[in-house]
Amino acid sequence: MYFTIPVVLAILLTVGCSSSNDNAAVPPDDGPVAGTDTGTDTDTTDPVTDIFAPSDTDLVLDSDLYQEDGYGTANVIRVDVRTETTAGICTADDLSGCTLADVLADTDKNDDLKVDIPIHFQSSDFPDDGTLSNAEMRLRGGGSRFAPQKSFRIKLDSKEILWRGERYLQINKHPFESSRIRNKLAFDMMSVVPHLPSMRTQFVNLWIDDGAGAEDHGLYTHIERPNDHYLEKRGFNDKGNLYKAEDFRFDESDLLDVAVDEDGKPLDEDRFESSLEIEEGKDHRALVAMLTALHDPERSFDSVLDQYFNRNNVLSWMAVNILLNQADATRHNYLLYNPTGTEIFYFLPWDYDAAMGKWEEPPNSHDSDALRQRTEYGYAVGSKNDFTSRYYRLPGIHERIQEAVSHIHQSYITDELISEKATLYASLAAPFELQAPDSDYNPYYRESSAVQLAMYPGLNEQALANSFSIPMPPTLLEPALDGSSWQFSWAPAYDVTGHTVSYDLQISSSLEFSADDIVAQYTGIADAEDSVTQEVDASLLQSGDYYVRLTARADNEPERFWQVAENRIDRDGVRHFGVMAFSVP
């Protein structure tokens with residue numbers, strides 16, 4: 001096996017030092033790696049190693065990187081863009097006549113037309129170079145493309161003359177997030193967390209001159225682009241594979257999307273990138289090998305985890321997502337990094353503008369929205385990703401995650417640090433959010449609400465301890481008639497906190513499950529390891545259409561900690577959670 005430079009350093013440090021291995025490396029002339037034994041203290045015990053035990057594949061991370069190249073100052077820099085366009089033809093085959101209006105209208109990120117226009121870029125830390133144009137600009141984002149305020153990608157023409165050592169500026173409006181500081185706050189907090197590479201961020205005030213003078217477009221947040229420059233700056237191999245999840249749940253069906261030829265090239269690049277967008281790398285055989293092993297019935301999840309992942313990185317990523325209320329990193333909003341010459345994959349965080357809130361325990365209700373919240377609460381949301389779902393089933397994982405969350409909260413994402421940053425960032429955002437143009441599109445902005453974001457990590461640690469017993473959902477299978485009885489079977493639910501689960505099964509002639517419509521119900525059905533089955537006398541079900549609803553209950557507080565099946569039905573614009581339709585001939 002071959003290792004990247006950071007991995008080799010990790011091995012040397014582990015061999016040469018009595019290390020707590022919290023992996024926040026500093027430059028050599030500034031002293032030893034943070035957390036190592038310098039010889040000045042005879043007590044070499046460190047409880048942190050019980051949480052993050054040193055591994056040969058640990059990444060060595062330098063938190064000083066996030067203070068370099070102008071990133072050490074929390075401020076808002078002005079960025080000026082001057083378009084250099086002439087209206088004319090604007091098609092996928094000919095972009096010569098595309099204008100800013102065409103960029104703003106490019107809301108379909110999946111079609112063949114990717115509107116790029118020539119611009120002149122300068123900023124308060126990138127002086128006017130005197131050229132007519134020195135960059136190109138396009139729209140960026142997914143659903144945010146349809147918002148009235150757009151986000152942009154700027155790509156410098158030069159590969160040598162860079163901005164802060166970066167060729168791309170990714171400036172995001174975050175139009176659906178009223179505080180406009182969550183993404184920056186999250187990544188800046190993660191920049192000091194061990195085993196979890198973060199992204200550099202910068203507040204930007206964007207001005208665009210489209211021929212009628214510079215126009216203020218308000219506040220944006222630039223986030224570093226995950227590419228070869230990103231890898232190189234961290235001492236990682238810039239030829240490694242780097243993927244951004246677009247719709248990737250580690251499902252066995254994902255193997256069809258990421259199929260490759262004998263050289264590791266995608267058989268269908270568009271299909272590949274509909275699942276995982278390729279940021280860097282050309283040989284993707286390691287990805288296919290990992291996913292194949294994950295779904296090999298002869299392999300345990302533990303063995304796959306040890307061969308293809310770094311346990312410290314996985315635990316740190318999982319713990320931070322709970323602490324920062326990142327509930328949307330199941331099919332997307334994360335990256336995977338695979339260093340050249342290795343089998344190992346590392347999780348990297350991505351897109352936290354919907355995070356940084358608090359875990360709100362769902363209402364005790366069967367209303368559609370309440371059930372949706374229940375399926376997205378705590379550990380339950382992990383069922384939407386095969387890797388996360390299987391990780392949560394590891395013995396003792398709840399206690400291990402609790403320890404990691406507590407350690408990260410006490411040592412890195414502390415109440416004091418996040419309060420300091422949230423207060424500062426809110427003060428930087430407020431002048432822009434309280435005036436046009438942002439005030440025209442962000443009516444719910446309150447500086448005090450932005451500052452309150454600092455309260456939530458502590459509340460999230462409490463939620464993990466007190467209310468994460470809502471099970472991961474079971475899955476109803478198709479009912480089957482067997483002689484004189486119907487067999488209702490399901491893949492079991494799972495309570496990560498360790499409590500026993502039982503089930504309630506209801507069969508109704510309507511989706512409302514009103515008392516008059518329920519034709520059969522069973523409570524307290526015992527759990528089983530692989531599959532659970534409930535027999536129903538066929539005489540109870542006359543010819544017609546029926547609906548079955550399954551509820552899993554944890555035995556510690558069954559009226560509070562319950563979950564419906566992951567099955568769902570869409571009817572008349574309403575999503576009905578936890579139910580399946582079937583017919584009796």
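Side-chain atoms are counted along with the backbone in the values below, which use heavy atoms only and exclude waters and symmetry mates.
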(message) Quick one, Thr131 with Asn134, criterion side-chain contact (heavy atoms from CB on, under 4.5 Å). Give me CA distance, side-chain angles, the key distance, then yes/no.
(response) CA-CA 6 Å; Thr131 60; Asn134 58 10; 3.6 Å; yes
Checking [X] side chain against [Y] main chain: does a donor-acceptor pair fall under 3.5 Å?
{"X": "Thr221", "Y": "Lys184", "result": "no"}
{"X": "Arg271", "Y": "Ala259", "result": "no"}
{"X": "Asn338", "Y": "Thr342", "result": "yes"}

(request) Working to the nearest 0.5 Å, report the span between CG of Asp283 and OG1 of Thr340. (result) 9.0 Å
(request) Mind checking the CG-OG1 spacing from Asp210 to Thr83? Nearest 0.5 Å is all I need. (result) 3.5 Å
(request) Check step by step if side-chain hydrogen bond (donor to acceptor under 3.5 Å, both in side chains) holds for His222 and Glu166. (result) CA-CA 11 Å; His222 157 74; Glu166 300 167 30; 3.1 Å; yes
Pairs flagged by side chain to side chain donor-acceptor pair (under 3.5 Å) wherever [range] is involved - sequence neighbours left out:
{"range": "residues 418-428", "value": "Asp188-Tyr425"}
{"range": "residues 145-155", "value": "Gln149-Asp438"}
{"range": "residues 440-455", "value": "Glu433-Asn442"}
{"range": "residues 87-96", "value": "Asp94-Ser96"}

(message) Once side-chain hydrogen bond (donor to acceptor under 3.5 Å, both in side chains) is applied, do any residues pair with Tyr377, and if so which ones, sequence neighbours excluded?
(response) Ser467
Do [X] and [Y] pair up side chain to side chain, a donor and an acceptor below 3.5 Å, judged on atom types alone?
{"X": "Thr99", "Y": "Asp102", "result": "yes"}
{"X": "Asp58", "Y": "Asn310", "result": "yes"}
{"X": "Glu461", "Y": "His409", "result": "yes"}

(message) Quick one, Glu84 with Arg82, criterion salt bridge (charged side-chain N to carboxylate O under 4.0 Å, His left out). Give me CA distance, side-chain angles, the key distance, then yes/no.
(response) CA-CA 6 Å; Glu84 295 294 340; Arg82 184 182 69 241; 2.6 Å; yes
(request) Carefully, step by step, assess Asp328 and Asn333 under the rule side-chain hydrogen bond (donor to acceptor under 3.5 Å, both in side chains). (result) CA-CA 7 Å; Asp328 197 24; Asn333 289 345; 3.1 Å; yes
Contact check, side chains of [X] and [Y], non-hydrogen atoms, under 4.5 Å:
{"X": "Val405", "Y": "Met318", "result": "no"}
{"X": "Val193", "Y": "Ser316", "result": "yes"}
{"X": "Tyr243", "Y": "Asn241", "result": "yes"}
{"X": "Pro175", "Y": "Ser144", "result": "yes"}
{"X": "Phe248", "Y": "Leu291", "result": "yes"}

(request) Could you walk me through whether Glu246 and Arg331 pass side-chain contact (heavy atoms from CB on, under 4.5 Å), step by step? (result) CA-CA 7 Å; Glu246 293 292 327; Arg331 67 178 181 86; over 6 Å; no
(request) Return the orientation label for the Trp317 and Phe347 ring planes: parallel under 30°, perpendicular over 60°, tilted otherwise. (result) parallel
Thinking salt bridges, do [X] and [Y] make one under a 4.0 Å N-O criterion?
{"X": "Glu224", "Y": "Arg234", "result": "yes"}
{"X": "Asp116", "Y": "Arg138", "result": "yes"}
{"X": "Glu360", "Y": "Lys358", "result": "yes"}

(message) Going by the rule side chain to side chain contact (heavy atoms under 4.5 Å, CB included), which residues pair with Asp261 if we only count those two or more places apart in sequence or in a different chain?
(response) Asp263, Lys265, Leu267
(request) Using side chain to side chain contact (heavy atoms under 4.5 Å, CB included) as the criterion, list what pairs up with Arg78, not counting sequence neighbours. (result) Asp80, Trp207, Ala214
(message) Can you tell me which residue among Ile154, Asp209, Leu169 is in a side chain to side chain contact (heavy atoms under 4.5 Å, CB included) with Val81?
(response) Ile154
(request) With sequence neighbours excluded, tell me which residues meet ring pair (Phe, Tyr, Trp, His ring centres under 6.0 Å) with Phe187. (result) Tyr352
(message) Run the ring pair (Phe, Tyr, Trp, His ring centres under 6.0 Å) test against Tyr220 and tell me which residues pass, sequence neighbours left out.
(response) none
Flag if over 12 foreign heavy atoms under 6.0 Å of [atom1], [X]:
{"X": "Lys114", "atom1": "NZ", "value": "yes"}
{"X": "Lys233", "atom1": "NZ", "value": "yes"}
{"X": "Leu417", "atom1": "CG", "value": "yes"}

(message) Quick check on the 6.0 Å ring-centre criterion: do His195 and Phe52 meet it?
(response) yes
(message) Per the ring-ring contact (aromatic ring centres under 6.0 Å, His included) rule, what does the pair list look like for residues 255-276, sequence neighbours excluded?
(response) Phe272-His284
(request) Give every residue pair that meets the ring-ring contact (aromatic ring centres under 6.0 Å, His included) criterion with at least one member in residues 66-88, sequence neighbours excluded. (result) none
(request) With side-chain hydrogen bond (donor to acceptor under 3.5 Å, both in side chains) as the test, would you mind laying out the steps for Asp351 and Gln326 before giving the verdict? (result) CA-CA 9 Å; Asp351 201 350; Gln326 170 58 293; over 6 Å; no
(request) Apply side-chain contact (heavy atoms from CB on, under 4.5 Å) to the pair Glu376 and Lys384, showing each step before the final yes or no. (result) CA-CA 9 Å; Glu376 296 175 353; Lys384 303 176 189 297; 4.1 Å; yes
(request) Can you see which heavy atom on Arg167 is nearest to which on Leu156, and at what distance? (result) NE-O, 2.8 Å
Solution key, residues 118-125 side-chain donor-acceptor pairs under 3.5 Å, sequence neighbours excluded:
from   : atom 1 : to     : atom 2 : distance (Å)
His120 : NE2    : Asp128 : OD1    : 3.0
His120 : NE2    : Asp129 : OD1    : 3.1
Ser123 : OG     : Asp125 : N      : 3.2
Ser123 : OG     : Asp125 : OD1    : 2.6
Ser123 : OG     : Phe126 : N      : 3.1
Asp125 : OD1    : Trp163 : NE1    : 2.8
Asp125 : OD2    : Arg164 : NE     : 2.8
Asp125 : OD2    : Arg164 : NH2    : 3.0

(message) Does Arg311 qualify as a cation-pi partner of Phe309, given the criterion of NZ or CZ under 6.0 Å from the six-membered ring centre and within 45 degrees of its axis?
(response) no
(message) Working note: Thr330 + Val381, criterion side-chain contact (heavy atoms from CB on, under 4.5 Å); need CA distance, chi angles, decisive distance, verdict.
(response) CA-CA 8 Å; Thr330 53; Val381 74; 4.1 Å; yes
(request) Output, in order, the C-alpha distance, side-chain angles, deciding distance and verdict of side-chain hydrogen bond (donor to acceptor under 3.5 Å, both in side chains) for Ser179 and Glu177. (result) CA-CA 6 Å; Ser179 83; Glu177 194 275 286; 2.5 Å; yes
